[in-house]
Amino acid sequence: SPNDLHYEEIDQTTGLITAEGETPYHGDYSMIPPIRVSVDGSLVLIGSGDLFDANDMTWVAALPRQVTDMEWLNDGRIVSIRPNGADTALETYDASYQVATSAVVDGLPTSMHRYGDTIVIVTEASIPAFTVVTP
């Protein structure tokens, strides 16, 4: 079966599935996790770096590289982590999906989590480590 991204809309009152769909691209893009929806619900970003319109699932743009994890900020920027040798590259993307800021965090990337305007980055060398940043 082709590599594709599917979705279902669930009525928040009844719990019933009210709509479903998929991207119109059947195997054209690498559907790599994680999957993150923008704060305003208009875009879907996946681990390959590809962005899709959340309404019709058409391709919109792409980050310049694949990422391990990413989070959307309230202002529409994207923060991502990816391997950088034995460390983690932390990058913030602007509205045109270009790298606006970058930094290196010790250890290999595991995940990241957003709490308000704060990002917690989880990395691992010999033990898990947590780095808190405010992009």
Side-chain angles (χ1 to χ4, degrees):
S1 63
N3 196 359
D4 206 2
L5 185 63
H6 293 247
Y7 71 90
E8 294 176 336
E9 290 181 23
I10 300 172
D11 182 300
Q12 297 301 300
T13 304
T14 65
L16 297 173
I17 296 171
T18 57
E20 59 184 49
E22 62 184 278
T23 61
Y25 315 105
H26 302 285
D28 295 339
Y29 295 94
S30 295
M31 301 300 173
I32 299 171
I35 301 169
R36 302 284 186 252
V37 179
S38 62
V39 174
D40 68 4
S42 67
L43 295 168
V44 176
L45 174 61
I46 62 175
S48 64
D50 289 301
L51 289 116
F52 298 90
D53 182 293
N55 291 315
D56 61 11
M57 299 307 288
T58 55
W59 185 88
V60 174
L63 301 181
R65 60 191 55 87
Q66 183 174 324
V67 298
T68 300
D69 205 351
M70 64 283 196
E71 289 288 344
W72 291 87
L73 300 177
N74 287 336
D75 63 7
R77 291 179 298 153
I78 299 166
V79 180
S80 74
I81 57 173
R82 63 179 177 81
N84 182 24
D87 294 318
T88 295
L90 167 66
E91 297 170 325
T92 303
Y93 293 88
D94 61 21
S96 60
Y97 312 115
Q98 299 302 309
V99 176
T101 63
S102 62
V104 175
V105 179
D106 292 339
L108 291 171
T110 301
S111 64
M112 63 188 311
H113 309 276
R114 184 176 88 108
Y115 298 100
D117 293 331
T118 301
I119 300 287
V120 177
I121 301 164
V122 182
T123 57
E124 187 169 349
S126 57
I127 60 170
F130 302 90
T131 304
V132 178
V133 296
T134 304

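Side chains included, hydrogens not; waters and symmetry mates left out as well; all remaining heavy atoms used.
Counting only heavy atoms from C-beta outward, the side chains of Val67 and Glu91 never approach each other to under 4.5 Å. Side chains of Leu45 and Ser38 form no contact here, defined as non-hydrogen atoms less than 4.5 Å apart. A heavy-atom distance below 4.5 Å is not found between the side chains of Leu90 and Thr131. Within the 4.5 Å cutoff, side-chain heavy atoms of Arg36 are placed close to those of Glu71. Proximity of Phe52 to Met31: side-chain heavy atoms (C-beta onward) are separated by under 4.5 Å at one or more points. Side-chain contact between Thr123 and Asp106 is absent, with no heavy atoms from C-beta onward closer than 4.5 Å. Under the 4.5 Å side-chain criterion, counting only non-hydrogen atoms from C-beta, Met112 is not in contact with Val133. With a 4.5 Å cut-off on side-chain heavy atoms, Ile32 and Ile46 do not count as touching.
When atom types are taken as modelled, the side chain of Glu20 and the backbone of Thr18 share no donor-acceptor pair closer than 3.5 angstrom. Using modelled atom types, no side-chain atom of Ser30 and backbone atom of Ser48 make a donor-acceptor pair closer than 3.5 Å. With hydrogens and angles ignored, the 3.5 Å screen pairs no side-chain donor or acceptor of Asn84 with any backbone N or O of Asp87.
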Criterion side chain to side chain contact (heavy atoms under 4.5 Å, CB included) on Val79 and Ile121, from CA distance to verdict: CA-CA 10 Å; Val79 180; Ile121 301 164; 6.0 Å; no

Val60/Leu43 under side chain to side chain contact (heavy atoms under 4.5 Å, CB included): CA gap, chis, key distance, verdict: CA-CA 8 Å; Val60 174; Leu43 295 168; 4.0 Å; yes

Intermediate values then yes/no, side chain to side chain contact (heavy atoms under 4.5 Å, CB included), Arg114 and Asn74: CA-CA 10 Å; Arg114 184 176 88 108; Asn74 287 336; 3.2 Å; yes

Val44 and Tyr7: CA distance, side-chain angles, deciding distance, side chain to side chain contact (heavy atoms under 4.5 Å, CB included) verdict: CA-CA 11 Å; Val44 176; Tyr7 71 90; over 6 Å; no

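In this pair, Tyr25 and Tyr29 present their aromatic rings perpendicular. The plane angle is above 60°, beyond the 30 to 60° band.
The OG atom of Ser102 sits 9.5 Å away from atom OH of Tyr93, with the distance rounded to the nearest 0.5 Å. For the atom pair Asp69 CG and Thr110 OG1, the distance stands at 9.5 Å (nearest 0.5 Å). Between the CG atom in Leu108 and the OG1 atom in Thr68 there is a gap of 9.0 Å [rounded to 0.5 Å]. Taking OG1 of Thr58 as the start and CG of Leu51 as the end, the distance is 11.0 Å to the nearest 0.5 Å. Atom OG1 of Thr23 and atom CG of Asp56 lie 10.5 Å apart (nearest 0.5 Å).
Ile10 and Ile35 fall into different hydrophobic clusters, where Ile, Leu, Val, Met, Phe, Trp and Tyr residues are linked whenever their side-chain heavy atoms come under 4.5 Å apart, directly or through other members. One hydrophobic cluster, built from ILVMFWY side chains closer than 4.5 Å, holds both Val37 and Trp59. Grouping the Ile, Leu, Val, Met, Phe, Trp and Tyr side chains by contacts below 4.5 angstrom, directly or via other members, places Val122 with Tyr115. Under a hydrophobic clustering in which Ile, Leu, Val, Met, Phe, Trp and Tyr are joined whenever their side-chain heavy atoms come within less than 4.5 Å, directly or via other members, Leu73 and Val99 fall into different clusters.
Closest approach of Pro64 and Tyr97 over heavy atoms only: CD-O, 3.7 Å. For the pair Pro83 and Pro109, the tightest heavy-atom approach, listed with the atom from each and the gap, is N-CG, 3.5 Å.
Counting non-hydrogen atoms of other residues, nucleotides and ligands closer than 6.0 Å to CG of Asp117 gives a total of 12 or fewer.
Between Thr92 and Thr101, the side chains place a donor N or O and an acceptor N or O closer than 3.5 Å (distance only, hydrogens not considered).
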